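Please read the structure below before turning to the comments.
Just so you know, these numbers come straight off a predicted model, no measurement behind them. Every number for a ligand or one of its atoms is a count from 1 in the order of the listing.
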Amino acid sequence: MKRKIKVAIWGFGAMGSGMARMINSIKGFDLVGVCDKYDKYQGKSVFEILASDNPYDHDVLVEANIVDILKNEKPDIVLLATDSFTKDAFPKIKLLLEHGTNVISTAEEMAYPKANEPLLAKSIDQLAKAYGKTVLGTGVNPGMMMDLVAIVLSGVMTRVDGFQISRINSLSPFGPTVMQEQGVGLTQEEYLLKEKQKAISGHVGFRESAMMIAEALGLELSSFKQTMEPIVTEVERKSKYGHAAKGNVCGVNMKATAFFDNGLKLEMHHPQQIEPELGGVKTGDYIKILGVPEINMEIKPEVEGGLGTIAICVNMIPHVINASPGLKTMIDLPVPRAIVGDIRNLVEIN
Ligand code: NAD
């Protein structure tokens with residue numbers, strides 16, 4: 001019998017804790033460490049926090065220092081769920097590579113880091129190759145619903161004339177990091193002030209998705225523009241991590257238009273808010289690809305963003321471990337699929 005696949009998680013928030021739950025449910029995984037800076041978690045058992053059974057013959061306590069986990073446990077892979085931006089994830093990825101582990105990051109910009117941080121993307125690629133390890137950025141979006149799915153669907157077309165991609169989703173599953181980035185709970189005046197101070201990012205990932213689609217089709221991006229408007233709620237909305245009083249901001253409506261170098265147009269629409277149903281909004285994922293044959297994909301309701309992100313990060317583990325060293329994106333690796341059997345059947349490891 002092959003040895004178990006050792007996984008550590010850095011960032012035990014909404015995404016990281018969900019990944020731990022999923023790892024614990026799959027045969028052949030061994031959760032060997034969890035790191036989070038939140039002081040109320042320090043020294044506590046992961047299984048106590050998750051209120052779940054421990055499937056291992058050892059406990060896992062939340063630690064403040066990732067280096068102790070890396071040195072003592074030597075994980076095969078670390079799931080990094082702490083950041084949205086490559087510049088913030090970079091020092092952590094560097095540290096992980098220096099300790100000889102593969103990395104999957106949830107940072108939205110890491111889904112296609114060349115889009116906004118080409119120099120850091122190059123450094124990550126060089127470091128990963130030097131240490132013989134693989135780094136992937138992924139998530140539900142960017143990473144899947146507004147890019148990879150459209151790319152895969154284009155595979156059954158003889159001619160592509162344009163893309164119209166919408167994701168109408170709920171922000172409710174996401175943690176405090178996302179609530180802050182989307183301005184959830186702010187008054188309209190606070191929103192305008194924070195927008196001016198560039199303290200609200202809204203959805204991070206349109207440019208990443210556009211550039212991933214361009215590369216996949218053998219094109220280049222020639223122009224890109226995005227807009228963001230606050231979504232003001234007419235009723236009070238409460239989710240696990242967010243609260244917007246009536247008349248306050250419950251999310252943002254984002255749109256982007258990109259042109260590729262052959263003139264092909266990509267339109268993206270992504271209104272995201274907590275508890276959309278309370279505002280009479282029905283969620284869904286829609287991909288229309290103009291061309292021959294025309295493609296019209298609808299998934300109603302949306303692929304749930306929290307579970308979708310948790311799943312894609314865990315399900316990509318075998319592909320990342322099996323890959324050649326370097327920085328990868330979702331178009332470099334085999335297509336995602338669920339891990340249903342023993343993870344050891346899917347991994348080439350000694
Ligand atoms: P969250 O706020 O619930 O969790 C983040 C956790 O990381 C917190 O527990 C925090 O204490 C911990 N943390 C932050 N910096 C740390 C550090 N230096 N050391 C140790 N712990 C640290 O956020 P979340 O909802 O779990 O999301 C995590 C990140 O993933 C966010 O930036 C979010 O935008 C991103 N994300 C991306 C996608 C996608 O589709 N690509 C989807 C979901 C989330």
_Identity and separation of the nearest protein heavy atom to atom 38 (C) of ligand 1_ = T106 O, 3.9 Å
*Assess the side chains of S239 and E275: does a donor N or O sit below 3.5 Å from an acceptor N or O?*
no
_Heteroatom distance test (A14, ligand 1): nitrogen or oxygen, under 3.5 angstrom_ = yes
_Ligand-residue contact atoms, ligand 1 with V178, heavy atoms, under 4.0 Å_ = 33 (C), 34 (O)
*Which ligand 1 atoms are under 4.0 Å away from a heavy-atom of E181?*
34 (O)
*Looking only at protein heavy atoms, which one is nearest to atom 43 (C) of ligand 1, and how far off is it?*
F174 CE2, 3.4 Å
*asked:* Is it true that H243 and E236 share a donor-acceptor pair across their side chains at a distance under 3.5 Å?
replied: yes
*Would you say ligand 1 has an N or O under 3.5 Å from any N or O of G175?*
yes
_Residues K6, D76: salt bridge by 4.0 Å N-O rule_ = no
*Considering only the protein, which heavy-atom contact is closest to atom 11 (O) of ligand 1, and what is its distance?*
D36 OD1, 2.7 Å
*Which protein heavy atom lies closest to atom 28 (C) of ligand 1, and at what distance to 0.1 Å?*
A81 O, 3.6 Å
*Taking the side chain as every heavy atom from C-beta outward, state whether L96 and I66 have any atom pair closer than 4.5 Å.*
yes
_Parallel, tilted or perpendicular: rings of F206 and H203 (30°, 60°)_ = perpendicular
*asked:* So, 4.0 Å and heavy atoms of W10: is ligand 1 close enough to count as a contact?
replied: yes
_One residue to check: V204. Relative to ligand 1, which of side chain, backbone, both or neither has a non-hydrogen atom less than 4.0 Å away?_
neither
*Provide the number and element of each atom of ligand 1 under 4.0 Å from a heavy atom of V140.*
39 (C), 40 (O)
*asked:* Can you name the atoms of ligand 1, numbered from 1 with element, that are less than 4.0 Å from a heavy atom of S84?
replied: 31 (C), 32 (O), 33 (C), 34 (O)
*Which residue supplies the protein heavy atom nearest to atom 4 (O) of ligand 1, what is that atom called, and how far is it?*
G13 CA, 3.3 Å
*Spell out, yes or no, whether M146 and Y286 are grouped together once hydrophobic residues are joined by side-chain heavy atoms under 4.5 Å, including indirect joins.*
no
*With side chains defined as the heavy atoms from C-beta onward, is the minimum distance between T138 and C313 less than 4.5 Å?*
yes
*Which residue supplies the protein heavy atom nearest to atom 1 (P) of ligand 1, what is that atom called, and how far is it?*
T177 OG1, 3.5 Å
*In terms of residue, atom name and distance, what is the protein heavy atom nearest to atom 18 (N) of ligand 1?*
K92 CE, 3.4 Å
*Cluster link I49 to I69, ILVMFWY, side chain under 4.5 Å*: no
*Side chain, backbone, both or neither: which part of M144 comes within less than 4.0 Å of ligand 1 when only heavy atoms are counted?*
neither
*Polar proximity ligand 1 side, A107 side, N/O cut 3.5 Å exclusive*: no
*Judged by modelled atom types alone, do Y191 and N248 share a side-chain donor-acceptor pair under 3.5 Å?*
no
_With heavy-atom distances below 4.5 Å as the criterion, would you say the side chains of E109 and V204 are in contact?_
yes
*Number the atoms of ligand 1 from 1 as they appear, then name those within less than 4.0 Å of a heavy atom of G139, with their elements.*
39 (C), 40 (O), 41 (N)
*asked:* Taking the side chain as everything from C-beta on, heavy atoms only, tell me whether R207 gets closer than 4.5 Å to Q226.
replied: no
*What protein heavy atom sits nearest atom 42 (C) of ligand 1, and how far off is it?*
T309 OG1, 3.1 Å
*May I ask whether P142 has any heavy atom positioned less than 4.0 angstrom from an atom of ligand 1?*
yes
_Contact (N/O only, under 3.5 Å) between M15 and ligand 1_ = yes
*Could you go through the side chain to side chain contact (heavy atoms under 4.5 Å, CB included) check for L290 and Q164 one step at a time?*
CA-CA 8 Å; L290 306 172; Q164 294 164 3; 4.0 Å; yes
*Do the side chains of L61 and V7 join up, straight or via other hydrophobic residues, at under 4.5 Å, putting them in one cluster?*
no
*Sub-3.5 Å N/O-N/O distance, K37 and ligand 1*: yes
